[in-house]
Each structure stands twice: as structure tokens, then as C-alpha cells.
Protein chains: 2
Amino acid sequence: MATDRTRAAILNAAEQLYAERGFSDVTLRDIVAAANVNLAAVNYHFGSKDELIAELFVTRSIATNRERLKELKAAEDEGRGRAPIEAVLRSLVGPTLRGCLGPDRERATAARFMIRASIEAVPPIRKIRNREISHLRRFAAAMGRSLPDVAEVDIYWGLHFALAMAHQTIRDGERLDKLSGGLCDLDDVDAVIARVVTAATLALTARRTGAAGAKAQRA
Amino acid sequence: MATDRTRAAILNAAEQLYAERGFSDVTLRDIVAAANVNLAAVNYHFGSKDELIAELFVTRSIATNRERLKELKAAEDEGRGRAPIEAVLRSLVGPTLRGCLGPDRERATAARFMIRASIEAVPPIRKIRNREISHLRRFAAAMGRSLPDVAEVDIYWGLHFALAMAHQTIRDGERLDKLSGGLCDLDDVDAVIARVVTAATLALTARRTGAAGAKAQRA
DNA sequence: GATAGTTTCATACAACTGTTTGAATTGCAA
DNA sequence: TTGCAATTCAAACAGTTGTATGAAACTATC
């Protein structure tokens with residue numbers, strides 16, 4: 001119990017490698033080489049490769065959710081229970097976008113690991129991932145409080161689209177950068193968040209009556 | 001040269017398995033078992049596993065791009081060179097969404113394979129995938145013709161967001177279904193396409209002056 | 001129907017995977 | 001220091017992977 005240094009080294013190396021190259025391309029031998037520990041240490045400390053991944057995912061998942069909920073609570077407290085929809089959306093996509101695109105390298109690794117986890121959906125993660133649904137439900141509820149006139153189905157679509165835009169921006173930002181010839185600035189994280197939040201807000205509010213949608217059709 | 005049946009059987013089985021379970025989870029032995037051919041047939045007909053994947057990707061990539069461009073051309077011809085932005089966006093996201101969510105199982109396999117390819121980005125695909133950029137550039141140009149007042153940077157972001165929403169709907173539609181308790185109907189493909197197109201259109205047109213964005217901020 | 005070229009097949013190969021083993025080493029309490 | 005548990009280590013394990021081999025089966029041409 002004296003030194004958990006080995007454990008920590010494995011966790012750090014694994015997270016970084018998984019974030020960079022994905023789960024299927026990283027072997028235990030890659031991890032132990034990066035962590036400078038013995039091969040058997042992984043099984044000794046974690047039991048198996050899957051349990052290592054699961055522990056990594058659970059830890060990061062809890063941290064991300066806590067950060068989101070903290071921002072959501074702050075926004076709702078400020079508005080005495082009803083936060084502006086933009087604030088709700090920002091608390092949903094902000095932490096991940098800031099984590100992945102921001103300058104803090106340690107946070108970027110953590111955030112990118114979570115993106116990998118949501119993309120590759122390797123077995124040990126798939127089992128745990130259902131909890132995320134209940135987490136997202138709390139945001140759907142908060143969005144419903146912000147927009148009481150919007151139908152429930154539209155709330156879910158808006159939540160889905162917001163996550164889609166944030167997610168894809170992180171995952172395929174490189175393509176957007178190439179496509180636009182560097183015109184789209186991904187380093188200005190706040191501007192990116194604002195774009196995602198604005199786009200999602202428009203999708204949510206325009207659907208309310210259908211009039212805005214029809215207007216857009218004619219434009 | 002008499003029977004290319006083996007070749008075709010391998011291609012079909014491989015595409016289906018890759019679409020269902022992803023690249024890293026499917027082995028050559030899985031493929032040849034599903035295709036009812038000998039293990040060595042893959043290397044005999046394609047040279048290697050990577051070349052099989054590459055051929056599959058190139059074929060499907062060309063087909064998808066052709067379908068998109070056909071719809072785009074039809075829309076632009078009808079408007080004498082300037083299609084409504086909704087029509088341009090529909091020609092961009094329509095083929096893939098219809099393919100993945102529609103009832104045609106063969107098309108669904110092809111479309112889901114392409115989604116896998118864009119997600120997992122396995123080495124043999126990564127090399128070819130750069131061509132996609134130039135394909136998307138043609139849509140950015142068409143969008144620019146539809147919305148001459150919108151800044152180029154906003155066009156790229158709108159294109160990016162449209163693909164993001166379509167993409168994520170296919171990839172994680174199951175989560176949306178669970179989250180909404182079945183409220184969000186993914187089987188009504190036209191309705192899904194309309195949602196994506198409308199949301200992207202709003203994001204594109206609202207950014208023009210910034211007023212709509214500000215209005216949305218107050219809502 | 002013999003021959004040459006193509007395609008199939010069972011089998012083996014070398015490399016790599018996650019995991020296990022048992023001995024060596026370490027750290028700490030008595 | 002002695003003794004005991006926790007940890008590290010090199011080595012090997014069994015299983016799977018993509019690929020290669022050479023013989024067998026087939027097909028078409030003469």
C-alpha cells in the first residue's frame with residue numbers, strides 16, 4: 001500500500017494512449033512501456049485490461065458529469081430555478097468542448113478519452129454507459145423548464161443536436177480546419193461554444209410553432 | 001475469370017460485418033465464414049485485409065458522392081444555378097440518412113459501413129479519406145451560391161453542423177430513442193431529414209447579421 | 001481428352017494478444 | 001535483525017491474428 005505510483009502511472013499512460021490512438025490500437029505492452037512498469041502490473045493492480053478501461057471510464061465520467069451539473073446548478077440558481085436555455089446548453093457542451101479544445105493538456109487528454117469512449121464503445125464501457133442516459137435526462141428536464149412551451153420531443157431533439165455538434169467538432173475538427181482552409185478557428189473555444197449553443201437554441205426555439213421553420217424554408 | 005462469385009461473396013459479407021460490428025471486431029475468419037469461402041480466398045482475390053477494406057470504402061464512397069451530387073445538380077438545375085439552401089443541405093445529408101434509417105436493408109448496410117469508416121478511421125481508409133474534403137468543398141460552394149450574403153466561415157460551420165447532426169443521429173440514434181422513451185421517431189426518415197435541414201438552415205441564416213442570434217439569446 | 005491457367009482448399013507459419021506463474025525484490029512490523 | 005506481506009519482475013502460456021504455401025480441383029482452349 002506504500003506506493004500507488006505504479007497504479008497511477010498505468011492510469012495516466014493508458015488514458016493518454018487511448019485518447020490519442022483509440023482502444024483497439026493500444027496494447028497492454030504499449031501501456032506498460034509508456035508507464036515504465038512491468039507487464040504483469042496491469043493484471044496485478046486492475047485484474048484485467050477491461051477493468052482498467054472501466055475504471056478509467058467511470059472516473060472520468062463522474063468528473064465530467066459533476067462539472068456539467070455544477071454549471072447547470074449555478075445557472076439555475078441564478079435564475080431562481082429557470083436558467084436561460086443558452087446557459088443550460090452551455091453547461092452541457094461547455095465542459096467537454098473546453099476540455100478538448102482548450103490549452104490545458106491534462107484536461108484535453110481526459111476529455112479526448114471520453115470522446116473515444118463514446119465513439120468506440122468497447123464492451124467494458126458499453127455496460128456502464130447506460131447511466132449516461134439518466135444523466136442526460138436531468139438536462140432534458142432543465143431544458144424543459146427553460147422552454148416550457150416547447151414540446152418534449154423537440155427538447156430531446158435539441159439536446160441530441162447540441163451534443164452532436166459539440167461531439168463532431170471535437171472528433172473531426174481537423175476536417176473542418178482543412179475544409180475551410182484554416183478559416184474556422186477552433187482555438188477560440190468560447191466562440192466555438194457560442195456557435196454550438198446558438199445553433200442548438202435556434203433549432204429549439206424555431207420549432208415551437210413551426211412558423212419559423214416555414215419562414216426558413218422560403219429564405 | 002469465370003466466377004467472381006467468391007469475390008462478391010467476400011465483399012458482401014465483409015461490408016455487412018463491418019457495418020454491424022466495426023472494423024476492429026471483425027476478423028478475416030469471421031468474413032470467410034459468413035461468405036462460405038476459404039480463408040485464403042481473401043488474400044488471393046484482394047491481396048490483404050487492408051486492400052479489401054480499401055476497395056470496399058472506395059466503391060461505397062464513390063456511390064455516395066455520386067448520389068449526393070446528382071441530387072445537388074437536380075436542385076441547382078431547377079433553380080437555374082441557385083438552389084434553395086434547404087435543397088442543398090438535403091442533397092448533402094439525405095442520401096446517408098435515407099440509407100441508414102430507411103427500410104432498404106442493402107442500402108442500410110452500405111450506409112452504415114460508411115459511417116463506420118468515418119468513425120473508426122482505420123489506416124487503409126485514412127489515406128483515401130482526404131478526397132472527401134474536395135467533395136465537400138463543392139457543397140460549400142453550392143451553399144455559398146444559395147446564401148450569397150453569408151460569410152464563408154459561417155458556410156463552413158453550417159456544413160459542419162449539418163453533417164454532425166446527420167452523423168450523430170445515425171450513430172447514436174439508439175441513445176436518442178432511449179433518452180426520449182421512444183418519443184423521437186427515427187423511422188420517419190423524411191421527418192428526420194427535415195429536422196436536420198431546418199436546424200442547419202437556421203444556424204446558417206441566423207448568423208448573417210447576428211440579430212437573430214441576439215434575439216435567440218433573449219428568448 | 002490432354003494441357004495450361006485459374007481458383008480453391010487444408011494446413012502451417014510467425015507475430016502478437018491478454019493473462020498467468022513462481023521466483024525475486026521490496027517495504028514494514030515485531 | 002527477523003519474518004511476513006505486498007509488490008515487481010522475467011518468462012512462459014494459450015489463444016487469436018493476418019498471411020503464405022503447395023497440393024488439389026476446376027475451367028477453358030487446343
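Each chain gets a letter, A, B and so on, in the order the sequences are listed, and its residues count up from 1. Values below: every heavy atom of this structure, side chains too, minus hydrogens, waters and symmetry copies. Keep in mind it's a predicted model, so treat the numbers as computed, not measured.
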Task: salt bridge (charged side-chain N to carboxylate O under 4.0 Å, His left out) pairs, two or more places apart, involving residues 91-102 of chain A - done: A/E71-A/R98

Task: Residue pairs passing the salt bridge (charged side-chain N to carboxylate O under 4.0 Å, His left out) test where at least one lies in residues 131-146 of chain B, sequence neighbours excluded - done: A/R175-B/E132, B/E76-B/R145, B/R129-B/E132

Open item on the list: Going by ring-ring contact (aromatic ring centres under 6.0 Å, His included), name the residues that satisfy it together with B/H160, two or more places apart in sequence or in a different chain.
Closed with: B/W157

Task: A/F139: ring-ring contact (aromatic ring centres under 6.0 Å, His included) partners, not counting sequence neighbours - done: A/H135

Open item on the list: Over 60° means perpendicular and under 30° means parallel, so tell me whether B/F113 and B/F57 are parallel, tilted or perpendicular.
Closed with: tilted

May I have the distance from [X] (atom [atom1]) to [N] (atom [atom2]), rounded to whole angstrom?
{"X": "B/I10", "N": "C/dC9", "atom1": "CD1", "atom2": "P", "answer": "10 Å"}
{"X": "B/D4", "N": "C/dT8", "atom1": "CG", "atom2": "C1'", "answer": "14 Å"}
{"X": "B/Y44", "N": "D/dA23", "atom1": "OH", "atom2": "P", "answer": "17 Å"}
{"X": "A/N38", "N": "C/dT21", "atom1": "CG", "atom2": "C1'", "answer": "12 Å"}
{"X": "A/N36", "N": "D/dT8", "atom1": "CG", "atom2": "C1'", "answer": "13 Å"}

Open item on the list: Base contacts versus sugar-phosphate-only contacts with protein, heavy atoms under 4.0 Å: please encode nucleotides 13-19 of chain C as B, S and - from 5' to 3'.
Closed with: ----BBB

Open item on the list: When you measure from the side-chain N and O atoms of B/H45 to the phosphate of C/dT6, is any distance below 4.0 Å, counting only OP1 and OP2?
Closed with: no

TODO: List in chain and number order the residues that pass side-chain hydrogen bond (donor to acceptor under 3.5 Å, both in side chains) with A/E51, two or more places apart in sequence or in another chain; answer none if no residue qualifies.
DONE: A/S48

